[in-house]
J.: 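I have a structure here, written as structure tokens, and I will follow up with some questions on it.
Just so it is clear, the model here is predicted, and its values are computed rather than measured. Only this structure's heavy atoms are used, side chains among them; waters, hydrogens and symmetry mates stay out.
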Amino acid sequence: MTEDIVTDRLELVPFGAAPRPTTGPDVADRVLDLLREIGIERPRVVATLDGTGSADVDTLDVDLTGVEVRSDDDLHDVEEWDPPAVRHREPARLRRLRVEAHPVVVMDVPVDVTVLLEDLGFWWVEGTDGRLGLEAAGPTGERPVTGFLQVAAPQEPVVAALRQQLADGLAEAGLRLTALDVTLTSDGPRAASVRAFARLRKGLLSASATATASASLDDALVLSVGDVRLTSANPLVAGLLLAVRNRIDEVANQRIDLAAQLPDGVRIADVRLDVGDDLRVSARLV
């Protein structure tokens, strides 16, 4: 019997042919197809069901180790499925999701990722065209998602990526970056500062510039960005840096309430930022 559902209000991710999968390997194969569709090659996926016929998925483990994402062009959006009508919707839970990468390479930066989430709600949706889709149910205040996440990357390639971003920005101001020294310092478990000394060139002119910034996160998950400065003792270079400084002013001395931007049912605690040979961010969802 077809349910009377307005399909343009649904956000459905296509998940193969109906009916819903009833084995772990079938779930894993469909997740693999979905990841390949968005441009993620060679992932490893394992899924388990409890064998009782329940709509729930017991576990889903996704290993992205060795995957490389060189640019935004490598990834594609999932084409949403708009069925002509919905025949059946069935609520379900993903009891445990684990995503790991040791590492995944993002823009030439090796990133180590560990994500463990529990009790994620979704709907199995069958269309009258014989296809199957997934609709996220989302966490709620009464049933929040819980888990842990940690992301780490070596400082050196992160700095190299920042160097390239800075070089691109300075090029728009007519300046060439010839050297850059960056020092990242931990100012506590939730605070860090950065100081950069750059050597710039414009034609025959060579001069230096200094950039500083700091960031901290308080117990209420308010991110404060301050002490953002970009200076040069050379008046001509200082003038040319105005174009870059306008961009910096957009993020300087801001207080961003990260908790207010989280959806209902997602609460983050125990956030930690470690700055050393590796840059590491970890948090717990409660």
Side-chain angles (χ1 to χ4, degrees), residues 2-3 5-49 55-101 103-107 109 111 113-140 145 147 149 151 261-266 285:
T2 301
E3 296 186 11
I5 296 176
V6 180
T7 58
D8 61 6
R9 286 202 299 246
L10 301 178
E11 294 183 359
L12 300 177
V13 177
F15 208 62
R20 62 172 172 80
T22 56
T23 69
D26 192 0
V27 172
D29 287 343
R30 299 188 190 210
V31 172
L32 278 169
D33 289 341
L34 188 61
L35 291 173
R36 289 167 182 153
E37 181 183 341
I38 66 175
I40 296 178
E41 300 293 339
R42 301 188 306 279
R44 289 172 290 281
V45 179
V46 177
T48 63
L49 279 65
D56 293 346
V57 176
D58 249 17
T59 66
L60 177 61
D61 296 325
V62 180
D63 188 347
L64 302 178
T65 300
V67 171
E68 295 188 13
V69 180
R70 295 297 180 183
S71 70
D72 293 339
D73 295 335
D74 290 347
L75 299 179
H76 317 289
D77 293 331
V78 177
E79 184 177 350
E80 292 183 1
W81 166 51
D82 187 13
V86 172
R87 175 181 287 123
H88 181 65
R89 295 172 78 242
E90 186 176 12
R93 314 296 298 183
L94 172 53
R95 295 170 185 165
R96 192 203 71 193
L97 169 66
R98 178 183 290 273
V99 179
E100 293 185 283
V104 57
V105 180
V106 181
M107 313 302 184
V109 177
V111 182
V113 177
T114 300
V115 177
L116 177 63
L117 301 178
E118 297 180 349
D119 202 24
L120 301 171
F122 68 99
W123 294 81
W124 297 110
V125 180
E126 293 186 17
T128 54
D129 58 356
R131 298 176 64 189
L132 181 72
L134 301 180
E135 179 190 5
T140 65
V145 61
L149 59 90
V151 179
Q261 301 181 37
L262 296 173
D264 187 33
V266 177
L285 280 68

J.: For Pro14 and Arg131, which heavy atoms make the closest approach, and how far apart are they?
T.: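 Shortest heavy-atom separation between Pro14 and Arg131 comes out as CB-NH2, 3.6 Å.
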
J.: Got a donor-acceptor contact below 3.5 angstrom from the Asp119 side chain to the Val145 backbone?
T.: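 Pair absent, no side-chain N/O of Asp119 close to backbone of Val145.
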
J.: Work out which heavy atom in Leu94 is nearest to a heavy atom in Phe122; give both atom names and the distance.
T.: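 What the structure gives for the nearest pair is N-CE2, 3.7 Å.
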
J.: What is the minimum heavy-atom distance between Leu132 and Trp81, and which atoms define it?
T.: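 Closest approach of Leu132 to Trp81: C-CZ3, 3.5 Å.
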
J.: For a side chain to side chain contact (heavy atoms under 4.5 Å, CB included) check, start with the C-alpha distance between Leu149 and Thr114, then their side-chain angles and the critical distance, and finish with the verdict.
T.: CA-CA 6 Å; Leu149 59 90; Thr114 300; over 6 Å; no

J.: Would you say Arg87's side chain and Gly127's backbone share a donor-acceptor pair under 3.5 angstrom?
T.: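 A pair under 3.5 Å: yes.
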
J.: Apply side chain to side chain contact (heavy atoms under 4.5 Å, CB included) to Val67 and Thr65, showing your working.
T.: CA-CA 6 Å; Val67 171; Thr65 300; over 6 Å; no

J.: In sequence, state the C-alpha distance, the side-chain angles, and the governing distance for Glu126 and Arg20, and then conclude on salt bridge (charged side-chain N to carboxylate O under 4.0 Å, His left out).
T.: CA-CA 8 Å; Glu126 293 186 17; Arg20 62 172 172 80; over 6 Å; no

J.: Please test Leu34 against Val78 for side chain to side chain contact (heavy atoms under 4.5 Å, CB included), starting from the C-alpha separation and ending with a verdict.
T.: CA-CA 8 Å; Leu34 188 61; Val78 177; 3.9 Å; yes

J.: Shortest non-hydrogen contact from Ala55 to Glu90?
T.: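 Nearest pair, atom of Ala55 first, then Glu90: CB-OE2, 3.5 Å.
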
J.: Could you check if a side-chain atom of Val115 sits within less than 4.5 angstrom of a side-chain atom of Leu97, using non-hydrogen atoms only?
T.: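 Heavy-atom side-chain distance check fails, nothing below 4.5 Å.
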
J.: For the pair Val111 and Val151, evaluate side chain to side chain contact (heavy atoms under 4.5 Å, CB included) and give the outcome as yes or no after the intermediate values.
T.: CA-CA 7 Å; Val111 182; Val151 179; 3.5 Å; yes

J.: Measuring from atom CD of Glu80 to atom CD of Glu135, what distance do you get when rounded to the nearest 0.5 angstrom?
T.: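 Rounded to the nearest 0.5 Å, the CD-CD separation comes to 10.5 Å.
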
J.: Of all heavy-atom pairs between Ile38 and Asp77, which one has the smallest distance, and what is that distance?
T.: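 So the minimum-distance heavy-atom pair works out to CG2-C, 4.5 Å.
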
J.: Report the C-alpha distance between Asp58 and Arg96 in whole Å, list the side-chain angles of each, state the deciding distance to 0.1 Å, and finish with yes or no for salt bridge (charged side-chain N to carboxylate O under 4.0 Å, His left out).
T.: CA-CA 6 Å; Asp58 249 17; Arg96 192 203 71 193; over 6 Å; no

J.: Sub-3.5 Å donor-acceptor pair from the side chain of Asp74 to the main-chain atoms of Arg70, do we have one?
T.: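 Yes: the side chain of Asp74 pairs with the backbone of Arg70.
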
J.: On a heavy-atom basis, which atom in Val27 and which in Phe15 lie closest, and how many Å separate them?
T.: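 That would be O-CZ, 4.0 Å.
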
J.: Kindly check if the number of other-residue, nucleotide or ligand heavy atoms within 6.0 Å of CZ (Arg44) is above 12?
T.: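 Enclosed: over 12 neighbouring heavy atoms sit under 6.0 Å from CZ of Arg44.
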
